[in-house]
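Presented below is the structure to which this report refers.
Only a predicted model underlies this, so the values are computations on that prediction, with no experimental measurement involved.
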Amino acid sequence: MAYTLDFSTPVNSALLIYILYSVQKIVFPSTSTPKTIPSEFKHGYSWMPKEHPPTVLFKTYTPKTLEPFDGKNGGRILLAINGIVFDVTAGRNFYGPDGMYGNFAGRDASRGMAKQSFDLEMLTAVDQPLDKLQDLRPDEIENMKGWIDHFSNKYIICGKLVDNDAA
């Protein structure tokens, strides 16, 4: 079966003209200089940001020292999973005071993440020893590890969580 080019239809003619114009612009580019100088950069241009983001140091936290980082009053938001403290401030819509995971802000979220539960009873009181998570089923432990992987790829690890009397 042989195909022939049919330029009798307006669409085919328009496409041919467009292709020829595009090829001409590539083969014979314009060499003229602009008539006006660009004004976007007349006040100078710098790759330097107006201010540098604050430096995040790896620290050791306890439940009591982690608690103030709950995002209230626009502050940083930290949460811990299985002893790893993440700075989730970038996810303020999720982990801030009004977010759906807001009860985990400034707390050890290990049990809640493992059990896929946002209930307050999933949180250990800040004046109690850390939850050892010994009663978790293997599938819940895997679920918690999945959350750790997710957070590790998305947020900054900024510390470790230890018992109140260990710091």
Side-chain angles (χ1 to χ4, degrees), residues 18 22 25-26 29-30 34-167:
Y18 176 75
S22 298
K25 285 300 220 182
I26 292 169
S30 174
K35 293 180 183 22
T36 59
I37 297 172
S39 61
E40 302 92 74
F41 308 117
K42 66 181 172 186
H43 297 296
Y45 186 78
S46 171
W47 287 101
M48 299 295 287
K50 288 186 173 141
E51 64 181 51
H52 290 282
T55 303
V56 177
L57 299 176
F58 189 90
K59 293 173 54 177
T60 300
Y61 294 91
T62 65
K64 288 180 181 176
T65 61
L66 186 65
E67 187 179 29
F69 296 98
D70 58 6
K72 293 180 179 154
N73 301 321
R76 283 176 66 201
I77 305 170
L78 306 182
L79 65 79
I81 305 174
N82 202 28
I84 303 169
V85 179
F86 296 95
D87 185 335
V88 296
T89 307
R92 181 173 299 280
N93 291 341
F94 295 107
Y95 305 102
D98 297 325
M100 60 191 284
Y101 308 105
N103 58 328
F104 292 151
R107 303 294 292 273
D108 180 8
S110 303
R111 181 168 295 276
M113 293 295 188
K115 292 188 170 279
Q116 294 283 326
S117 174
F118 313 120
D119 296 334
L120 290 175
E121 56 264 11
M122 292 290 122
L123 300 172
T124 305
V126 294
D127 57 349
Q128 298 295 313
L130 288 178
D131 188 348
K132 301 297 181 214
L133 308 170
Q134 293 172 334
D135 62 328
L136 292 180
R137 298 186 319 263
D139 63 312
E140 292 171 333
I141 292 171
E142 284 304 310
N143 194 31
M144 181 177 65
K145 288 179 181 177
W147 279 108
I148 291 171
D149 288 343
H150 171 74
F151 276 69
S152 297
N153 290 319
K154 191 168 185 178
Y155 300 110
I156 296 170
I157 296 174
C158 64
K160 65 179 181 175
L161 185 66
V162 298
D163 273 314
N164 285 313
D165 54 3

Distance col, row Met122:CE vs Asn103:CG, nearest 0.5 angstrom, shows 10.5 Å
Closest contact, heavy atoms only, Leu133 versus Ser110:
CD1-CB, 3.7 Å
Donor-acceptor contact below 3.5 Å, side chain Thr65 vs main chain Tyr61
no
Show the nearest heavy-atom pair for residues Val126 and Lys64, with the distance to one decimal.
O-CG, 3.7 Å
Is there a side-chain contact between Leu136 and Lys115, using heavy atoms and a 4.5 Å cut-off?
yes
Cationic N near anionic O, under 4.0 Å, Glu140 to Arg137
yes
Measure from the ring center of Tyr95 to the ring center of Phe104 and say whether it is less than 6.0 Å.
no
Does the side chain of Ser152 come within less than 4.5 Å of Ile157's, by heavy atoms?
yes
How long is the straight-line distance from CE of Met144 back to CD1 of Ile141, given to the nearest 0.5 Å?
6.0 Å
Verify side chain to side chain contact (heavy atoms under 4.5 Å, CB included) between Leu130 and Leu161, making sure each step is shown before the conclusion.
CA-CA 9 Å; Leu130 288 178; Leu161 185 66; 3.6 Å; yes
Could you measure the distance from the CG atom of Leu120 to the CZ atom of Phe118? Nearest 0.5 Å is fine.
12.0 Å
Exercise: identify the closest heavy-atom pair between Met113 and Phe151:
CE-CZ, 3.7 Å
To the nearest 0.5 angstrom, please state how far the CZ atom of Phe69 sits from the CZ atom of Arg107.
15.0 Å
Where the side chain of Asn153 meets the backbone of Asp149, is there a donor-acceptor pair that is under 3.5 Å apart?
yes
Would you sort out whether Leu57 and Cys158 count as a side chain to side chain contact (heavy atoms under 4.5 Å, CB included), showing the intermediate values?
CA-CA 6 Å; Leu57 299 176; Cys158 64; over 6 Å; no
Determine, for Arg111 against Asp119, whether the closest basic-nitrogen to carboxylate-oxygen distance falls under 4.0 angstrom.
no
Enter the distance from Lys160:NZ to Thr62:OG1 here, rounded to the nearest 0.5 Å.
12.5 Å
Extract all donor-acceptor atom pairs below 3.5 Å that involve side chains of residues 73-91 and protein atoms in other chains or at least two apart in sequence.
{"from": "Arg76", "atom 1": "NE", "to": "Asp87", "atom 2": "OD2", "distance (Å)": "3.1"}
{"from": "Arg76", "atom 1": "NH2", "to": "Asp87", "atom 2": "OD2", "distance (Å)": "3.2"}
{"from": "Asp87", "atom 1": "OD1", "to": "Thr89", "atom 2": "N", "distance (Å)": "3.0"}
{"from": "Asp87", "atom 1": "OD1", "to": "Thr89", "atom 2": "OG1", "distance (Å)": "2.5"}
{"from": "Thr89", "atom 1": "OG1", "to": "Ile77", "atom 2": "N", "distance (Å)": "2.9"}

Between CG of Asp163 and CG of Asp165, what distance do you get to the nearest 0.5 Å?
5.5 Å
For atom OH of Tyr18, is the number of surrounding heavy atoms from other residues, nucleotides or ligands below 6.0 Å larger than 12?
no
